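Labels below follow one simple rule: chain letters A, B, ... track the order of the sequence lines, proteins then strands, and each chain is numbered from 1. Owing to the predicted nature of the structure, the values given are computational and were not obtained by experimental measurement.
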Amino acid sequence: MYGRVLSFILSVSCLLFLVSCSIPAVKKGPSDDLRQTVNEFYEFRRLGKFDEAWFYERMSTDTDENRREHSRSIYRSRSGAMSLKGFEILGIGEENSGFEGTTPVRIKIVTDWPVMPFPVPEGDRVTVMNDLWEKINGRWYHVVRGMTKLW
Amino acid sequence: MRLRCLFLIIFAGFLIWCPLSAEAATSSIDNLPGGAGIAYWQAGGGWETLINVQTDGLNCALVHIGVYDRNGLNLTSFVMSLDEADNFGIVVRGDGTNIELYDYSDHAFGGSPALHDVNTGPPVVFYSPAGSGGIQRGYMTFVKTNAGCSGPGGAPTGNITGTFAVNSDTLWIRSALINPNNAFALNAVMLQGFANYGAIRESNDFVNTAAAPNTPPDACDFNGDGDATDSFSILDDINGAEIDFAELFLSDNISHADPLNFPPWIICNPAGLVYKALGSSNNTYCARFNINPAVGTQTTLVLVAPQSVHSSAANFPRDVALMAYNDDALAVSTFFSAEVVTAKPFGNIPEGIPVASFTAGEACFSIAAPVFGFSYTETASFADLYPFVRSQMAITTLNKDEIDDAVDFIFLP
């Protein structure tokens with residue numbers, strides 16, 4: 001009897017251990033470690049966990065609640081248009097040296113090509129770009145670059 | 001009511017003040033094949049552009065491609081070959097300073113050597129720095145430059161560069177603006193009945209279509225300098241035919257005065273009236289804007305005036321007179337000088353288009369140079385794109401019905 005209980009406890013513990021290792025723990029959000037924060041953010045996006053990724057976006061710090069929640073709603077529904085297959089941080093630029101005082105993070109992103117009404121290149125879309133990040137109250141947030149402004 | 005009347009009076013004044021302009025083509029109708037076309041590109045800041053060129057099921061093509069930056073500077077030109085019912089693509093990427101060009105789906109007749117596949121590279125790189133918004137912009141021209149398809153396997157043969165020729169409408173061009181979060185597909189501007197000119201001389205290459213029949217050539221003061229004796233350099237190069245500024249205007253592609261005078265002719269009626277094929281024939285366009293701080297929307301006006309830095313464009317400035325009005329017909333006006341490729345945000349911000357306290361509405365503007373473009377509205381997580389509405393377009397009916405009377409072109413609507 002005692003052996004069966006111990007065996008059961010050990011089995012459950014092993015199962016929990018394996019499950020906790022297979023998925024990233026839900027983080028509390030961005031931190032003061034830029035590289036770690038970038039990794040977490042893109043891992044959430046790669047896994048399609050846009051609810052979690054939202055908290056790494058600078059727009060999540062908008063103090064206007066209505067505007068913030070409007071953006072969040074669209075973010076959740078519109079993210080994933082091009083599935084993120086992989087990413088690699090190639091380099092971290094000098095703090096505040098990027099566009100409009102942001103910090104550039106050189107990153108390689110691998111996605112599908114978007115579905116277009118004409119032929120697109122074969123294979124994956126591999127993009128190397130300067131991703132923009134900003135430190136707010138000691139934590140790093142991802143900055144979305146629009147055509148008109150930074151969000 | 002008074003404000004509506006005031007708006008109409010001011011708007012009518014713009015129409016009277018702005019000179020009309022013309023084009024070396026039969027028309028430029030959206031979403032139709034053409035013999036030449038122009039596509040906008042942007043790169044850098046997370047953006048890249050795909051441009052895809054397609055031929056119809058009956059004709060090969062040797063396509064001359066001109067790459068221009070936001071100042072209208074020609075960065076390079078090259079040609080690419082297409083079989084019938086074929087397509088090839090160009091990828092434009094940037095890093096804020098240089099642009100990188102690649103191709104894909106380039107298989108016809110052994111492929112073209114000018115660019116390399118996007119999956120293997122290397123890129124062909126050109127200096128093209130971004131503007132104040134951090135995004136690199138420009139446009140590309142596409143002209144079918146072969147004369148026939150009598151090469152091995154139906155390969156393109158001949159080259160119309162530097163000659164007078166009229167293209168058949170067998171190409172269409174699509175593009176996509178892509179960033180990590182959005183992708184926008186849109187058709188390029190296509191020119192139907194595109195006429196290439198071996199020379200553009202005010203004394204030799206224009207025709208007055210108000211006469212019946214047309215008896216070209218008729219002298220035309222195209223650049224508005226008070227005489228009709230100028231000869232303009234053409235942009236055709238060793239690779240192929242290019243779209244000259246004067247070729248953005250309506251042309252007569254069929255009239256013969258005598259065996260020594262052959263088409264095409266740029267239409268230039270009395271008092272120097274020429275008629276745009278690219279853009280609005282009455283110089284007026286409208287674009288939607290939305291700048292609502294409550295939800296964070298922002299709109300940018302993107303406007304392209306191809307080849308407008310050429311000396312022949314002197315009479316067609318890029319000065320913009322804009323009237324922004326909200327959906328209650330209240331209006332505010334502004335003036336600015338556009339660049340060859342302009343991206344200007346709406347709003348009471350530095351370098352913005354002032355719109356008072358309006359959060360949404362219609363911006364109608366007038367510009368003499370032939371242009372195309374769109375308004376781009378975005379929030380932090382969403383964006384959408386709308387091409388300009390043209391107030392009026394012109395078509396050379398003579399080229400289609402071959403009836404030479406006193407009215408050889410029409411306006412729509």
Side-chain angles (χ1 to χ4, degrees), chain A residues 42 45 50 54 57-60 62 64-82 84 87 98-100 102 104 106-107 109 111-132 142-151, chain B residues 42 44-48 50-54 87-89 91 93-96 102-105 117-119 130 133-135 172-185 291-300 302 343 345-347 349 352 376-383 385:
Chain A
Y42 278 104
R45 287 193 65 89
F50 302 112
W54 162 258
E57 298 282 7
R58 187 177 77 171
M59 50 185 146
S60 72
D62 190 348
D64 184 311
E65 181 180 355
N66 287 336
R67 188 170 58 212
R68 183 182 68 243
E69 292 308 308
H70 182 264
S71 295
R72 181 177 180 176
S73 172
I74 298 175
Y75 184 86
R76 287 157 143 179
S77 64
R78 301 283 295 203
S79 294
M82 289 173 275
L84 179 65
F87 65 94
F99 189 69
E100 293 189 359
T102 55
R106 192 87 175 144
I107 191 165
I109 290 177
T111 66
D112 292 322
W113 286 96
V115 176
M116 286 281 126
F118 57 81
V120 296
E122 295 177 352
D124 295 329
R125 177 174 173 247
V126 180
T127 305
V128 176
M129 67 178 197
N130 281 334
D131 203 24
L132 303 181
H142 179 247
V143 177
V144 172
R145 185 165 204 165
M147 190 183 295
T148 309
K149 57 183 280 187
L150 301 183
W151 303 90
Chain B
Q42 66 182 40
W47 289 94
E48 64 180 310
L50 297 185
I51 301 175
N52 194 268
V53 182
Q54 175 79 42
N87 71 78
F88 72 76
V91 183
R93 290 178 172 166
D95 62 6
Y102 304 85
D103 69 12
Y104 66 93
S105 190
D117 191 88
V118 65
N119 288 319
I135 296 174
W172 55 92
I173 298 162
R174 302 180 176 97
S175 65
L177 309 179
I178 303 171
N179 74 9
N181 303 305
N182 294 296
F184 302 94
I291 44 172
N292 190 340
V295 294
T297 50
Q298 184 66 52
T299 299
T300 297
V302 177
F346 284 87
I349 55 178
Y376 179 91
T377 295
E378 62 183 349
T379 66
S381 306
F382 172 79
L385 181 154

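With chain A as the partner, the residue from B:Asn292, B:Asp103, B:Asn179 showing the most heavy-atom pairs under 4.5 Å is B:Asn179. Comparing A:Gly123, A:Ser73, A:Pro119 by heavy-atom pairs within less than 4.5 Å of chain B, the highest count is held by A:Pro119. Per-residue heavy-atom pair counts under 4.5 Å with chain B were compared for A:Met129, A:Arg125, A:Arg68, A:Arg76, and the maximum is reached by A:Arg125. Of the listed residues B:Pro180, B:Gly45, B:Gly44, B:Gly46, the one with more heavy-atom pairs under 4.5 angstrom with chain A than any other is B:Gly45. Heavy-atom pairs under 4.5 Å with chain A were tallied for B:Ala294, B:Ser105, B:Ala383; the largest tally goes to B:Ala294. If you tally non-hydrogen atom pairs under 4.5 Å between each of B:Gly352, B:Ser175, B:Pro345, B:Gly347 and chain A, the highest count goes to B:Ser175. Taking A:Glu100, A:Arg58, A:Met116, A:Arg67 one by one and counting their heavy-atom pairs under 4.5 Å with chain B, the maximum is reached by A:Arg67.
A:Ser77 is not listed as a side-chain neighbour of A:Phe50, based on a closest heavy-atom distance of 4.5 Å or more.
Contacts of B:Gln54 with chain A are absent, with no heavy-atom separation under 4.5 Å from either backbone or side chain. In this structure, the portion of A:Val126 lying under 4.5 Å from any heavy atom of chain B is its backbone and not its side chain. Heavy atoms of A:Met59 lying under 4.5 Å from chain B belong exclusively to its side chain. The part of A:Asp124 that comes within reach of chain B is its backbone (N, CA, C, O), which places non-hydrogen atoms under 4.5 angstrom from that chain. Neither the backbone nor the side chain of A:Thr111 has a heavy atom closer than 4.5 Å to any heavy atom of chain B.
For A:Glu57 and A:Arg72, the salt-bridge test fails: no basic side-chain N is under 4.0 Å from an acidic carboxylate O.
Checking each of B:Ile178, B:Val118, B:Leu177 against B:Leu50 for a side-chain contact (heavy atoms from CB on, under 4.5 Å) leaves exactly one that passes, namely B:Ile178.
The ring-ring contact (aromatic ring centres under 6.0 Å, His included) search around B:Tyr104 returns none, not counting sequence neighbours. Looking at residues two or more places apart in sequence or on another chain, you find a side-chain contact (heavy atoms from CB on, under 4.5 Å) between B:Ala343 and B:Arg137, B:Thr300, B:Val302.
Residues B:Asp117 and B:Tyr102 approach most closely at O-CD2, 3.9 Å, considering heavy atoms.
More than 12 heavy atoms of other residues, nucleotides or ligands lie within 6.0 Å of CD in A:Glu69, so this atom counts as buried by the packing criterion.
Within the 3.5 Å criterion, the main-chain N or O of B:Pro293 finds no donor-acceptor partner in the side chain of B:Gln298.
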